[in-house]
Amino acid sequence: MGSKIVTLKKVPNLDWAVALWGGKPVPTKQEKYKPLVGYQGIMQDGETEKIFDDLYIRNPDKDIVQEFEKKLGNFLRENITDEMPYKMPVEVILAFTINKKRFFDVDVDNLCKTVLDAMKGIVFDDDSQVVRLLALKDTHPFDTNGISIGVNKLEDVSKGWFNKVHLFYMDEKET
């Protein structure tokens, strides 16, 4: 059986795209803190102990978010174009690949915040320029971590990948 060479190519209707695979997973801001279970002892009046499940302490690996943002920032700087950071509104597509063990432990919106913060000042000036965001979280057959990022400039905000996406429409009837 012959071998194959596979080349990843950017989808033509994206203005810019990169992918970073392998290594540590994308952390979230919530991972700066570690949950702690606390107990209140049995009271003198015989009440049972109370469990506190909303206690958190600083995670010893609290710098994991800053380290990731720095690593991703350096990767992004190596792959930007001359017109970046973009000055106009943008739409962003983030596709996260997460190992199976972590899949249900991390929220996709928290992953997005970490990546958008790392993109700030490099891909666009400020994340307030992101007017459309599509985020996907999935597992990979090789159980690896990764992120793919796509960006479209929106010189006209009525254009782009998501301009036709509507959740409702108006159904007018004459009375």
Exercise. State whether the side chain of Asp107 and the backbone N or O of Asn110 hold a donor-acceptor pair below 3.5 Å, judged by distance alone.
Key: no
Exercise. Have a look at Leu136 and tell me which of Ile93, Leu94, Val108, Thr97 forms a side-chain contact (heavy atoms from CB on, under 4.5 Å) with it.
Key: Ile93
Quiz prompt | Under 3.5 Å donor-acceptor, Thr28 side chain and Leu111 backbone | solution = no
Self-check item: Salt-bridge criterion met for Asp143 and Lys101 (N-O under 4.0 Å)
Solution: no
Quiz item: Looking only at atom types and distance, does a side-chain atom of Arg102 sit under 3.5 Å from a main-chain N or O of Ile98, one as donor and one as acceptor?
Solution: no
Self-check item: Check: Asp125 side chain, Lys87 main-chain N or O, donor-acceptor pair, under 3.5 Å
Solution: no
Exercise. Keeping the roles fixed (side chain from Gln129, backbone from Phe124), state whether a donor-acceptor pair exists under 3.5 Å.
Key: no
Quiz item: Any side-chain heavy atom of Val151 sitting closer than 4.5 Å to one from Val123?
Solution: yes
Quiz item: After noting the C-alpha distance and the side-chain angles of Asn145 and Val26, does the key distance pass the side chain to side chain contact (heavy atoms under 4.5 Å, CB included) rule?
Solution: CA-CA 8 Å; Asn145 297 301; Val26 175; over 6 Å; no
Exercise. Decide side chain to side chain contact (heavy atoms under 4.5 Å, CB included) for Leu76 and Glu78; before the verdict, give the C-alpha distance in whole Å, the side-chain angles of both, and the deciding distance to 0.1 Å.
Key: CA-CA 5 Å; Leu76 295 173; Glu78 293 170 3; over 6 Å; no
Practice problem: Decide, yes or no, whether a salt bridge links Glu83 with Lys153 under the criterion of side-chain N to carboxylate O below 4.0 Å. | Solution: yes
Quiz item: Can you tell me how far the CE atom of Met119 sits from the CD1 atom of Ile149, to the nearest 0.5 Å?
Solution: 5.0 Å
Quiz item: Got Leu134 and Val92 here, is their nearest side-chain heavy-atom distance under 4.5 Å?
Solution: no
Self-check item: Distance-minimising heavy-atom pair for Ala118 and Ile122
Solution: O-CD1, 3.4 Å
Quiz item: What is the distance from atom OG1 of Thr144 to atom CG of Asn99, rounded to the nearest 0.5 Å?
Solution: 8.5 Å
Quiz item: Considering all heavy atoms of both residues, which atom of Leu14 and which atom of Gly150 are nearest to each other, and what is their separation?
Solution: CD1-CA, 4.0 Å
Quiz item: Does the side chain to side chain contact (heavy atoms under 4.5 Å, CB included) test come out yes or no for Cys112 and Leu133, once each step is laid out?
Solution: CA-CA 9 Å; Cys112 291; Leu133 175 64; 4.2 Å; yes
Self-check item: Closest non-hydrogen atom pair, Gly121 against Pro85
Solution: O-CG, 4.0 Å
Quiz item: Should Val131 and Leu154 count as side-chain neighbours, where that means a heavy-atom distance under 4.5 Å?
Solution: yes
Quiz item: Is there a donor-acceptor pair closer than 3.5 Å between any side-chain N or O of Trp16 and the backbone N or O of Asn79?
Solution: yes
Self-check item: Gln66 backbone acceptor or donor facing Glu69 side chain under 3.5 Å
Solution: no
Quiz prompt | Phe68 to Pro27 - nearest heavy-atom pair and separation | solution = CG-CD, 3.3 Å
Practice problem: Using modelled atom types only, decide if a donor and an acceptor are shared between the side chain of Asp127 and the backbone of Lys120 within a distance under 3.5 Å. | Solution: no
Quiz item: Do Val115 and Phe96 touch side chain to side chain, with heavy atoms closer than 4.5 Å?
Solution: yes
Practice problem: Would you check if the side chain of Lys137 reaches a backbone N or O of Phe103 as a donor-acceptor pair within less than 3.5 Å? | Solution: yes
Practice problem: Salt-bridge test for Asp117 and Lys113: reply yes if a basic N is under 4.0 Å from a carboxylate O, no otherwise. | Solution: yes
Quiz item: Is Leu116 close to Val130 at the side-chain level, that is, under 4.5 Å between some pair of heavy atoms?
Solution: yes
Quiz prompt | Beyond-backbone contact of Trp21 with Ile147, side-chain heavy atoms, under 4.5 angstrom | solution = no
